[in-house]
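The next block holds one structure in the form of structure tokens; read it before the comments.
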Amino acid sequence: MEFRVEDAIHWFTVVNDKIQENKENLTTLDQVIGDSDHGINMARGFQEVVNKLSTQEYEEVADVLNHVAMTLISKVGGASGPLFGTAFLKFSQAVKGINPVDYDSFTKGLEEALQGVKQRGKAKLGEKTMIDVWSPVVDVFQSEKGFEDNLFIEVAREAMENTKHIMATKGRAAYFKEKSIGHIDPGSASTYMIFEALAEVIKGRK
Amino acid sequence: MEFRVEDAIHWFTVVNDKIQENKENLTTLDQVIGDSDHGINMARGFQEVVNKLSTQEYEEVADVLNHVAMTLISKVGGASGPLFGTAFLKFSQAVKGINPVDYDSFTKGLEEALQGVKQRGKAKLGEKTMIDVWSPVVDVFQSEKGFEDNLFIEVAREAMENTKHIMATKGRAAYFKEKSIGHIDPGSASTYMIFEALAEVIKGRK
Amino acid sequence: MKKIINDPNIVVQDMLKGMVAANPATIKQLPDTTVIVRSDAPTINKVGLVSGGGSGHEPAHAGYVGKGMLDAAVAGEVFTSPTPDQVLEAIKAVDGGSGVFLVIKNYTGDVLNFEMAAELAEAEGIKVEHVIVNDDVAVEDSSFTTGRRGIAGTIFVHKIAGAKAEQGATLDEVKSVAEKVVANVRSMGMALTPCTVPAAGKPSFNLKENEMEIGIGIHGESGIERKEISTADEIASELVTKILDDGVHVRGDDVAIMINGLGATPEMELNIVNSKVNEILNEKGIHVYKTFIGEYMTALEMAGCSVTLLKLDDELKTLLNLSSEAPAFRV
Amino acid sequence: MKKIINDPNIVVQDMLKGMVAANPATIKQLPDTTVIVRSDAPTINKVGLVSGGGSGHEPAHAGYVGKGMLDAAVAGEVFTSPTPDQVLEAIKAVDGGSGVFLVIKNYTGDVLNFEMAAELAEAEGIKVEHVIVNDDVAVEDSSFTTGRRGIAGTIFVHKIAGAKAEQGATLDEVKSVAEKVVANVRSMGMALTPCTVPAAGKPSFNLKENEMEIGIGIHGESGIERKEISTADEIASELVTKILDDGVHVRGDDVAIMINGLGATPEMELNIVNSKVNEILNEKGIHVYKTFIGEYMTALEMAGCSVTLLKLDDELKTLLNLSSEAPAFRV
Ligand SMILES: Nc1ncnc2c1ncn2[C@@H]1O[C@H](COP(=O)(O)OP(=O)(O)O)[C@@H](O)[C@H]1O
Ligand SMILES: Nc1ncnc2c1ncn2[C@@H]1O[C@H](COP(=O)(O)OP(=O)(O)O)[C@@H](O)[C@H]1O
Ligand SMILES: [Mg+2]
Ligand SMILES: [Mg+2]
Ligand SMILES: [Mg+2]
Ligand SMILES: [Mg+2]
């Protein structure tokens with residue numbers, strides 16, 4: 001399967017639907033080990049992404065991703081804004097000029113996105129951040145040969161659930177130390193939704 | 001019956017007991033149509049009165065009354081401090097040099113006390129203030145020929161209860177306008193205790 | 001009751017200690033009193049300015065003691081007027097030979113205790129004059145009742161009378177400018193939550209989760225109406241309209257605004273209220289000369305705010321702009 | 001949720017409108033941004049000072065914009081760091097040719113967004129330096145974790161770096177004095193009640209009726225311990241002890257104190273805390289040079305306070321005393 005502009009647009013439309021639907025849930029997660037704004041932040045950002053997506057013309061997938069990145073950077077704020085922004089910016093740069101995006105390029109894009117998040121956030125796997133979902137998802141992309149929607153969802157969901165058991169050392173949740181254990185990381189929950197949306201869009205295309 | 005220094009001391013000791021016991025009740029009354037401090041104010045003032053009463057020597061009843069007045073003026077504050085203070089100051093001045101105080105002089109003293117409260121507070125009967133208890137009690141003193149403890153209590157209590165039905169036009173309760181109706185005036189409640197204590201002291205003497 | 005205190009019965013003394021510790025160079029506490037005076041008091045040949053009232057309204061009034069504002073502030077127990085002997089000590093401490101001026105908020109307790117103190121001071125040969133501030137339009141202005149309460153507008157009296165006294169004005173001149181401020185200033189407040197007098201231990205009234213009270217007093221005295229919380233714009237509009245209805249502030253006037261927080265309301269919300277107050281005044285052709293936003297006259301930890309408008313002429317503008325070194329009102 | 005607002009989603013814009021309306025002569029809002037700058041910005045040949053962060057901490061940071069302090073403040077959504085494009089606008093607006101200095105509180109969001117803005121500004125040829133304030137000793141100082149948070153001590157950085165810049169210092173000089181302040185300042189806070197982000201609509205945590213949290217963050221982040229409310233003296237002592245344990249402030253030092261209210265705590269209580277803080281420092285032979293009591297860095301309507309100690313040398317004393325025209329910090 002190849003990933004086209006309309007798939008990308010579809011992807012972020014579904015992401016936005018999920019985020020809006022789960023706005024309160026995400027905020028509640030952030031209430032426990034953060035500052036009660038993650039759902040609000042994400043909902044503001046992705047609403048803006050989608051508002052513009054429908055009014056613009058894109059030549060290639062990289063353009064959509066760039067648009068998403070710039071909108072998130074300028075609308076989300078907090079920790080998650082620059083991190084998701086950086087992710088999609090790096091993704092966009094990695095697939096620039098490749099249209100439609102094939103599986104390997106898509107994988108490469110995700111690798112770059114993950115690298116971007118790690119560098120920007122000075123964090124690594126196992127610190128109870130969105131990296132804990134990005135990283136296993138990138139792994140499964142690398143180990144597979146083509147889009148495996150159900151597998152992606154499964155891996156992403158499990159990774160998200162696993163953040164429960166981690167003690168946070170980066171981001172705001174780090175202040176909660178041991179008390180951060182037992183709760184899902186909000187940014188991991190929204191990252192899960194991004195990959196769940198991707199899987200659904202791919203599944204729909206099949 | 002004649003009223004002596006030890007009676008006066010006894011009187012204010014009993015007043016203090018009643019006020020301390022009813023501190024919260026008085027404050028609760030003031031919570032509804034005031035600012036939640038009347039019990040606290042009275043308890044502070046009369047505690048101080050009694051603290052000093054036991055350590056001082058008095059030549060005559062007027063001295064005790066003067067001591068009570070000055071202590072209330074300097075310890076109670078709020079509206080009730082200067083008003084009760086003025087009352088006992090005028091009372092003291094009226095019975096100066098008369099020892100023991102006979103019934104008629106006592107009555108004269110109360111008349112002066114009431115006048116003092118009225119002038120100081122620029123208030124009259126029927127405005128839902130302590131005057132609404134002072135005034136009927138003075139009336140009954142004037143119409144009787146000697147201490148009638150039970151009658152005093154009865155009149156004072158009824159007068160206090162009747163403040164419920166009045167709409168306040170003076171003091172802080174005036175801000176509550178119609179809403180002040182249905183609630184006993186805190187200063188009337190403490191005035192009642194003062195006369196109840198007086199009656200009990202006289203009764204005990206008999 | 002959730003408070004950071006040691007003992008409900010000594011909050012005032014503890015507080016005064018903390019105030020003096022914070023400003024040892026500029027203020028002092030008169031020994032064995034609850035009176036805060038400028039450390040250089042009395043100022044010879046200057047009219048001394050004294051205010052005060054119950055505690056729980058901080059920074060009122062001790063925060064306004066400083067060059068250009070008050071010479072002394074007398075603190076009563078929480079929500080309880082101070083006693084005459086304390087006020088007398090303040091008067092004596094700040095009398096520099098030109099007399100002493102008292103700024104009294106119109107509450108029976110304050111009026112009675114300050115009046116008695118003035119009588120005592122006059123008996124000791126000190127000239128004393130006073131003004132009674134009654135800016136709260138939530139209450140009817142009547143000579144048959146207690147009349148209007150004094151609330152945040154009092155701070156403008158402190159500032160302007162203080163500047164006048166600092167200029168070397170006579171007692172009568174200070175009185176006359178203070179009376180002008182009182183004539184020109186109107187306020188109204190509202191609350192979202194009650195407050196708790198420490199020694200009482202429980203809230204002085206209750207408001208439902210969706211309720212507010214319009215026109216409430218700074219001790220929790222009854223307001224005009226309890227109703228469902230509305231928007232900041234509606235609240236601002238209701239407060240300003242009631243003030244303007246009093247007829248003192250009209251098209252073409254210059255005014256100073258004070259948006260005063262009652263204790264628990266964040267400055268964010270006060271700014272939101274100010275935005276609408278400004279808009280309304282603009283529409284009405286009333287010119288905003290100066291705006292003060294913050295906590296000036298509080299009611300312990302009550303959530304809510306008050307709006308004050310002061311009509312300004314050239315004299316009042318000049319006096320408002322003169323320097324003040326009071327910690328809570330630096331100009 | 002009881003708040004005086006219009007719509008939880010526009011509180012920041014409404015607030016900024018109200019701020020500008022209150023200070024039209026001294027500040028302005030950059031069009032279509034959440035940036036407040038001095039109305040005369042940029043000051044040619046002066047280092048521009050920019051700070052900012054999530055809203056809900058008022059008067060931080062817009063209240064500190066004024067001659068002698070910040071040139072610009074960038075307001076994010078409530079408790080959410082502002083975005084890089086907004087910070088970039090601020091940087092561009094205040095660059096007078098001598099570069100721009102950023103005062104950043106140590107939160108991942110703030111650091112990331114300000115860093116990205118600095119990168120963008122540098123790409124446009126503007127020299128940018130920054131300092132990261134991390135004064136909160138409730139959190140361990142570690143390079144393996146997010147590290148200490150920036151809280152009320154940030155205001156001292158604004159004041160001192162602001163005074164330095166006003167003197168015409170170079171970007172490096174401003175940076176170096178700001179780093180000195182950061183090295184010398186420590187804070188710790190505590191809360192009695194939570195606060196509610198307007199758009200979230202419910203409190204970010206709960207505390208039982210008799211419970212307090214020691215070491216809490218200004219967004220309600222977890223503190224050191226939850227326990228029964230103790231006395232003001234015990235609370236003051238616990239906060240000061242933890243600060244002193246960090247070893248920065250020792251016998252013989254001169255310090256500035258800030259007793260900061262988090263939103264709903266009355267000034268009365270802050271003064272009570274100050275009284276004990278002073279007593280402890282006296283006992284320890286630490287000399288209190290200056291004390292600031294009030295609401296400087298709030299957490300919406302959270303009840304609680306923080307204590308900040310800043311160790312002073314002659315340079316810092318001079319800079320602390322220089323004039324500031326910022327509405328929330330007048331010297
Ligand atoms: N250093 C970091 N690296 C990667 N992700 C991070 C980092 N810090 C925080 N995050 C992610 O950001 C999420 C919080 O986002 P959000 O609540 O929007 O911002 P803030 O913490 O500034 O309020 C966390 O749940 C976590 O997944
Ligand atoms: N003008 C007045 N004349 C007579 N009594 C008054 C007057 N004003 C108030 N009082 C009395 O004082 C009582 C209130 O006392 P208190 O609560 O101690 O003072 P404050 O109202 O200043 O808080 C009222 O209940 C009333 O009986
Ligand atoms: Mg968050
Ligand atoms: Mg009362
Ligand atoms: Mg009272
Ligand atoms: Mg946040």
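If you're wondering where the values come from, they're calculated on a predicted model, not measured in any experiment. Numbers restart at 1 for each chain; the letters A, B, ... are given by sequence-line order, proteins then strands.
- Within the model, atoms NZ of C:Lys2 and CD1 of D:Ile229 stand 5.0 Å from one another, a figure rounded to the nearest 0.5 Å.
- With chain C as the partner, the residue from D:Glu269, D:Met19, D:Met190 showing the most heavy-atom pairs under 4.5 Å is D:Glu269.
- Residues C:Ala264 and D:Glu301 share a closest heavy-atom pair of O-CB, 3.5 Å.
- Both the backbone and the side chain of D:Leu207 have a heavy atom closer than 4.5 Å to some heavy atom of chain C.
- With rounding to the nearest 0.5 Å, the separation of OG1 in D:Thr265 from CG in C:Leu300 is 11.5 Å.
- Under the 3.5 Å distance criterion, the side-chain polar atoms of C:Asn278 are left unmatched by any main-chain donor or acceptor of D:Ala22.
- Ranking C:Thr298, C:Val273, C:Asn271 against chain D, the residue ahead of the rest is C:Asn271, based on heavy-atom pairs under 4.5 Å.
- The greatest number of non-hydrogen atom pairs below 4.5 Å with chain C, out of D:Glu279, D:Met268, D:Lys3, is found for D:Met268.
- The candidate with the highest count of non-hydrogen atom pairs below 4.5 Å against chain C, out of D:Lys208, D:Met302, D:Lys276, D:Lys290, is D:Lys208.
- One N or O on the side chain of D:Asn6 and one on the backbone of C:Ala232 form a donor-acceptor pair closer than 3.5 Å.
- Of the atoms belonging to D:Val78, it is side-chain heavy atoms, and not backbone ones, that fall under 4.5 Å from chain C.
- Of all heavy-atom pairs spanning D:Lys17 and C:Ser275, the tightest one is CB-OG, 3.6 Å.
- Here the CD1-CG distance, from D:Ile4 to C:Leu270, works out to 7.0 Å after rounding to the nearest 0.5 Å.
- Within a 6.0 Å sphere centred on NZ of C:Lys28, other residues, nucleotides and ligands contribute more than 12 heavy atoms.
- To the nearest 0.5 Å, atom CE of residue D:Met1 and atom CD of residue C:Glu209 are 9.5 Å apart.
- Across all non-hydrogen atoms, the minimal contact from D:Pro59 to C:Glu267 is CB-OE2, 3.5 Å.
- Put simply, CD on D:Glu325 and CZ on C:Arg330 are 14.0 Å apart, with the number rounded to the nearest 0.5 Å.
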- Task: Any chance you could lay out the side chain to side chain contact (heavy atoms under 4.5 Å, CB included) test for C:Thr231 and D:Ile5, step after step, and finish with the verdict?
- Result: CA-CA 6 Å; C:Thr231 64; D:Ile5 59 175; over 6 Å; no
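- Counting heavy-atom pairs closer than 4.5 Å to chain D, the top residue among C:Asp14, C:Leu262, C:Ile272 is C:Ile272.
- Across every non-hydrogen atom of C:Glu295 and D:Gly263, the tightest pair is OE2-O, 4.3 Å.
- Contacts of C:Asn210 with chain D are made by backbone atoms alone, with heavy-atom separations under 4.5 Å and no side-chain atom involved.
- Proximity to chain C is limited to the side chain of D:Ile235, based on heavy atoms less than 4.5 angstrom apart.
- Annotation: maximal heavy-atom pairing with chain C below 4.5 Å, among D:Val11, D:Val277, D:Ile293, occurs at D:Val11.
- To the nearest 0.5 Å, the span separating CE on C:Met15 from CG on D:Asn274 amounts to 12.5 Å.
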